[in-house]
There are 2 protein chains.
Amino acid sequence: MAKRKSEFGLKRPFHELGESMFLPHLSVDCVIFGFHEGSLKVLLLQWKDGPWCLPGGFVKHEESIDRSAIRILKERTGLDAIFLKQFHTFGDPDREKGKRFKKGWISKRFVTVGYYALVEYSKVFPQPDQLSSACVWWDVQSIPDLIYDHKQIVALALNTLRLSLNDHPVGYNLLPSKFTMPELLRLYETILGQELDRRNFQKRMLSLDILIKLNERKTGGAHKAPFLYRFDKKKYDRAMKQGLNQSW
Amino acid sequence: MAKRKSEFGLKRPFHELGESMFLPHLSVDCVIFGFHEGSLKVLLLQWKDGPWCLPGGFVKHEESIDRSAIRILKERTGLDAIFLKQFHTFGDPDREKGKRFKKGWISKRFVTVGYYALVEYSKVFPQPDQLSSACVWWDVQSIPDLIYDHKQIVALALNTLRLSLNDHPVGYNLLPSKFTMPELLRLYETILGQELDRRNFQKRMLSLDILIKLNERKTGGAHKAPFLYRFDKKKYDRAMKQGLNQSW
DNA sequence: GGTTCAATGTGTATAGGATACACAATAATA
DNA sequence: TATTATTGTGTATCCTATACACATTGAACC
């Protein structure tokens with residue numbers, strides 16, 4: 001991976017630079033989901049003075065908000081071809097309760113556009129930004145206190161992800177290219193927060209006709225070796241266009 | 001209805017006033033849906049110099065974006081307790097192709113938050129704003145050219161509405177309090193853009209257990225008088241909380 | 001090497017909802 | 001009063017979702 005180049009010139013303080021580079025009052029925050037060892041993770045940043053927050057950033061004057069989100073994601077994860085979707089814009093004037101910045105551009109009110117991303121855990125090499133001391137995965141079950149309304153942003157992202165299962169087979173973005181049926185099952189169970197019958201789950205998944213069963217098994221586990229599967233990209237894309245679960 | 005009070009002092013030109021009152025670079029646009037005589041309508045404004053656009057406005061410094069949308073809707077329709085939902089934020093730097101304003105605040109790039117509203121057609125008395133000569137309902141099937149990306153905004157709103165049918169019985173907001181089953185059917189058919197079997201439709205609607213069949217019929221039509229129904233608010237709210245169509 | 005254990009692979013029986021379609025009833029019109 | 005188009009209501013069938021059973025197998029333990 002190429003060495004990440006800082007966005008900032010470093011000569012002038014952050015709150016001055018922002019003013020000339022970015023749109024005022026507008027930010028982008030990303031809820032980046034990964035899946036590892038049977039649990040759903042979110043990538044969080046820790047500021048140098050302690051509190052945790054979502055990876056986020058600002059919108060350049062000539063940049064689309066989608067592009068901003070892509071850029072932010074690239075900076076934190078090193079990935080660029082990933083699933084990224086805007087899900088809500090947060091515009092309460094009190095949303096940034098407890099803001100520390102007291103002067104300049106950054107001390108003002110910000111409306112933030114929330115995106116959620118689905119990334120393959122193993123391909124991510126978390127990168128803190130220059131304001132942060134850490135960038136690490138947290139289990140969604142045990143997220144620490146977050147600044148501002150970021151906890152609500154995560155909650156809404158998670159809910160959106162949950163709902164999207166109905167028309168979007170999420171595994172394609174969160175799992176490695178080869179995966180087993182139990183792994184896919186585990187993913188769905190953690191996102192939904194409930195157990196599913198593995199036999200009926202398998203039937204339903206296969207009936208979507210977007211999976212290819214490989215002639216390999218995943219060995220090394222303590223028990224019977226499960227078959228590996230991969231997504232059939234063509235059929236997957238076709239299914240996505242139509243929507244999986246059009247109940248009307 | 002109380003006479004609408006203008007938002008603006010009228011002494012200074014619009015593009016100067018905005019700067020002090022509103023957040024820069026940020027706007028709100030509303031896609032207001034109504035249903036009348038068997039077809040789905042959208043409320044559009046016509047500028048004094050010709051082109052059509054969505055009703056929209058800006059965000060006051062101490063106002064949430066939701067509040068802005070509510071205010072805009074109130075100004076154009078006179079309604080305040082209505083279904084209003086944010087559905088997408090549009091942030092392409094080129095989205096305002098052909099902008100006429102050449103100076104000041106309003107000539108700058110704007111990111112706009114899109115809301116869609118569902119209102120009862122008969123209760124709306126469309127009000128143009130001071131920049132507009134007309135505020136009228138248009139059939140969604142035959143919308144005129146709109147400025148900027150407003151046509152795409154309408155398209156996405158319509159699509160969102162369509163998808164929301166799965167977990168949200170839209171009739172509650174778009175129809176008068178008493179309505180017939182054929183009217184509800186017609187509404188669904190126009191939103192979906194396809195015919196439905198009226199008998200199966202009725203069974204499905206009744207099975208949701210949110211409708212109350214009244215002991216009245218709607219007379220005046222040329223044929224057999226259909227029964228009137230109304231929503232059971234309590235059961236409706238309860239069903240909304242759970243989600244209607246939780247397929248997982 | 002044989003046994004045990006826990007997980008996977010595969011099948012079947014049943015219930016319930018979705019779909020297709022049939023026929024009687026009725027309000028206005030001629 | 002007959003006609004017509006629409007509404008009210010029911011049924012038969014298909015398909016999917018769900019519940020559950022049993023054989024298979026890789027690793028670990030003796």
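Residue numbers begin at 1 in each chain, while the letters A, B, ... track the order of the sequences. When reading the values below, keep in mind they use all heavy atoms of this one structure, side chains included, and skip hydrogens, waters and symmetry mates. Keep in mind the model is a prediction, meaning the values are calculated, not measured.
Here D:dT7 presents its P atom at 17 Å from CG of B:Leu214, a figure rounded to the nearest Å. Remark: C1' of D:dA17 and CH2 of B:Trp248 are 11 Å apart, rounded to the nearest angstrom. Note: CG (B:Asp197) to C1' (C:dG17) measures 15 Å, nearest angstrom. In this structure, A:Asn200 atom CG and C:dT10 atom C1' are separated by 12 Å, rounded to whole Å. Here the P atom of nucleotide C:dA24 and the CZ atom of B:Arg198 are 14 Å apart, to the nearest Å. In this structure, the CE atom of A:Met205 is 13 Å from the P atom of D:dT18, given to the nearest Å. Following rounding to the nearest Å, B:Asn215 (CG) and D:dG8 (P) show an atom-to-atom distance of 13 Å. Atom pair B:Leu228:CG and C:dA27:P shows a separation of 13 Å (rounding to whole Å applied).
Contacts of A:Ala222 with the nucleic acid, taken as non-hydrogen atoms under 4.0 Å apart, include base atoms. Among the protein residues, B:Lys213 comes within range of the sugar-phosphate backbone only, with heavy atoms under 4.0 Å from sugar or phosphate atoms but none that close to a base.
Partner A:Phe35 forms a side chain to side chain contact (heavy atoms under 4.5 Å, CB included) with one of A:Asn173, A:Leu118, A:Ile191, A:Leu187 and no other, that one being A:Leu187.
Between B:Pro182 and A:Ala225, the residue whose closest nucleotide on DNA chain D is further toward the 5' end is B:Pro182.
Closest to the side chain of B:Phe227, from the set C:dT8, C:dA7, D:dG8, is D:dG8. Minimum atom distance to the side chain of A:His223 is reached by C:dA7, of the listed C:dA27, C:dT8, C:dA7. The A:Lys224 side chain lies nearest to C:dT8 when the options are C:dT26, C:dT8, D:dC20. In the set D:dT18, C:dT8, D:dG8, C:dT8 carries the atom at the smallest distance from any side-chain atom of A:Pro226. In this structure, of D:dG8, D:dT9, D:dC20, it is D:dG8 that holds the atom nearest to the side chain of B:Arg217.
The closest donor-acceptor contact from the side chain of A:His150 to the backbone of A:Leu54 lies under 3.5 Å. Side chain of A:Arg186 to backbone of A:Ser39: no donor-acceptor contact under 3.5 angstrom is found.
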**Message:** I'd like to know whether B:Asp129 forms a side chain to side chain donor-acceptor pair (under 3.5 Å) with B:Ser132, so could you lay out the CA-CA distance, the side-chain angles of the two residues, the decisive distance to 0.1 Å, and finally the verdict.
**Reply:** CA-CA 5 Å; B:Asp129 61 25; B:Ser132 308; 2.6 Å; yes

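A donor N or O paired with an acceptor N or O is not found under 3.5 Å between the base of D:dA17 and the side-chain atoms of A:Arg199.
Atom-to-atom distance recorded for B:Phe87:CZ and B:Thr89:OG1 is 9.0 Å, nearest 0.5 angstrom.
Side-chain N/O atoms of B:Lys203 include none lying less than 4.0 angstrom from OP1 or OP2 on D:dT11.
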